Amino acid sequence: MSTDPGVLAAAATRALARQQHHAARALNLIPSENSTSPLARWALATDAGSRYFFNTTGDPHGWAFPAAQHASQAETGLTLPLLRLLTGAAHVNVRPLSGLHAMTLVLSAWGGAPDTAVVTIHPDQGGHYATASLARRLGLRPHLATGPDPHTLDPDLLHHLVATHHPHLVYLDQSHVLFPADIATAAEAIRAADDHTVLYADVSHTLGLVLGGALPNPLTAGAHAFGGSTHKTFPGPQKGIVATNRDDLADTLHRAQYDMVSNHHLAPTCALGLAAADFLAADPATYATDTVAAAQALGQALHKHHLVPEAAERGYTATHQLWLNTNPAGIPAPAAHRRLTAAGIHTNLLTDLPGLTGTPALRLGTAEAVGAGLTVQDMDHVAALIADAVHDRRPAARIAADAADLRAARTSRWQLHRHPDIAPLLTMKESLA
Ligand SMILES: Cc1ncc(COP(=O)(O)O)c(C=O)c1O
């Protein structure tokens, strides 16, 4: 293999070009991914990506790193105000690099001294695989809240765990989530056991649904703070946020963040503000309700093709996710996944879905497709393409071409780059020189 940098770079550039070409045609149903808008992508390629920004108070003498002065205005003048507006929180920390990084900061800032108990969610109820082990790495003692089924947390057990162990923090997170935990009930159970325990809701997967109002705002429901990834149901760049109304929590978080994040990646932070503007301009409530309605419609339509998603008796889902065990239809999930991928339909192949632990199954999500302009009515067509691929009824290339045609016939919801005040700026020669 050549080590000529020009040859290697050319091959890598071709690979990235192929990625672009394929991404525009594929149907991405991976629930932990989303596509950022053209405007946010533009920000990712700007000079902001080469800069440090520390002077968040705007102190005229505080520019130890002055090269970020212009780009930083996007963070302070757009990203922060719009995220405060969307979250309804007085404080939003936009310095985490991703959801797991936000988790690290929150556990470190609010989890207490080494050997303090922390309550998190059992993976059988959708808790993130890393939360308990990360807590252990930080010296905390995790206890896992569980429930009677994959979709329910037992409030009495939660009360018991808090009353027994007096954790500083209950870290309520769900990665695999069809029916999100009832935060109001959890908050009440925690409050009754220990009034000092902080309840943090990690809504990495459902942030866009929360900010669009399809799911309750955790702060209104009784959590003290919430946050997570900005790139799953929220159509932002790959970043993380933490929002709270409590000054003391914002302060301790800021102090942990100051020690743990030096470069917070300014370009994605600016892109996050532009994605938030795109989100607001595109009617977030409709995007969020359409995303959930599309997942439910896709569940129903797959069911008609004898591919039956989990929780059919409950309407399949109340989020963007669907879990599909293809074994009962006679197709092992690894084969189904391979065929779907070949047909340009991207899904997760997982073995840790609650209720299906150890059984390979597919996890699907509708957020990116709905952002790309697909409608609830399109889900019959999408289900037919999935069924054709899973059952190997037509050549993969034909199914992929149909998926690409469907994509091409729809218009992305994220259109702010066409705004008359913005469009000319994006084509300015020096804008990306
Ligand atoms: C609840 C939760 N927390 C954290 C993460 C990690 O997020 P990221 O991949 O952005 O680091 C995820 C990812 O799925 C998640 O679902």
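Each ligand, and each atom within it, is numbered from 1 in the order the structure gives. Keep in mind that this is a model prediction, so the values were computed, not measured.
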- Would one find an N or O of Met103, backbone or side chain, under 3.5 Å from an N or O of ligand 1? no
- Heavy-atom nearest neighbour in the protein, as seen from atom 12 (C) of ligand 1, with distance rounded to 0.1 Å: His128 CD2, 3.3 Å
- Query: Does an N or O from Asp202, backbone or side chain, lie closer than 3.5 Å to an N or O of ligand 1?
  - Reply: yes
- Would you say Asp173 has any N or O atom under 3.5 Å from an N or O of ligand 1, going by distance alone? no
- Message: Just to be sure I'm reading this right: ignoring hydrogens, which of Ser32, Gly99, Pro96 gets closest to atom 10 (O) of ligand 1? Compare them by their nearest heavy atoms.
- Response: Gly99
- Task: Go through the steps for His305 and His391 under the test side chain to side chain contact (heavy atoms under 4.5 Å, CB included), then give the verdict.
- Result: CA-CA 10 Å; His305 288 278; His391 290 292; over 6 Å; no
- Could you find the nearest protein heavy atom to atom 7 (O) of ligand 1 and give me its residue, atom name and distance? Ser229 OG, 3.1 Å
- Message: For ligand 1 and Ser98, I'd like to know whether there is a polar contact (N/O to N/O, distance under 3.5 Å).
- Response: yes
- In terms of ring plane angle, is the pair Tyr316 and His303 parallel, tilted or perpendicular, where the classes change at 30° and 60°? perpendicular
- Query: Is there a side-chain contact between Leu272 and Ile241 (heavy atoms, below 4.5 Å)?
  - Reply: yes
- Query: So does Glu310 pair up with Arg363, basic N to acidic O under 4.0 Å?
  - Reply: no
- Contact atoms of ligand 1, heavy-atom distance to His231 under 4.0 Å: 10 (O)
- Output the list of atoms in ligand 1 that are nearer than 4.0 Å to some heavy atom of Gln174, sorted by atom number. 1 (C)
- Item | Asp259 and Arg255 ion-paired at < 4.0 Å | no
- Note on the structure: The closest protein heavy-atom partner of atom 9 (O) of ligand 1 is Lys232 NZ, 3.6 Å
- Quick one: do Val370 and His320 satisfy side chain to side chain contact (heavy atoms under 4.5 Å, CB included)? Show the steps, please. CA-CA 10 Å; Val370 169; His320 60 307; over 6 Å; no
- Query: Hey, looking at atom 6 (C) of ligand 1, which of Leu134, Thr206, Leu100, Thr131 has the closest heavy atom?
  - Reply: Leu100
- Query: Taking the six-membered ring of Tyr287 as reference, does the NZ or CZ atom of Arg413 fall below 6.0 Å from its centre and within a 45° cone about the axis?
  - Reply: no
- Check each of Arg95, Gln69, His265 against Phe53 using the side chain to side chain contact (heavy atoms under 4.5 Å, CB included) test, and report the only one that passes. Arg95
- Report the member of Gly228, Ser175, Gly240 with the shortest heavy-atom distance to atom 15 (C) of ligand 1. Ser175
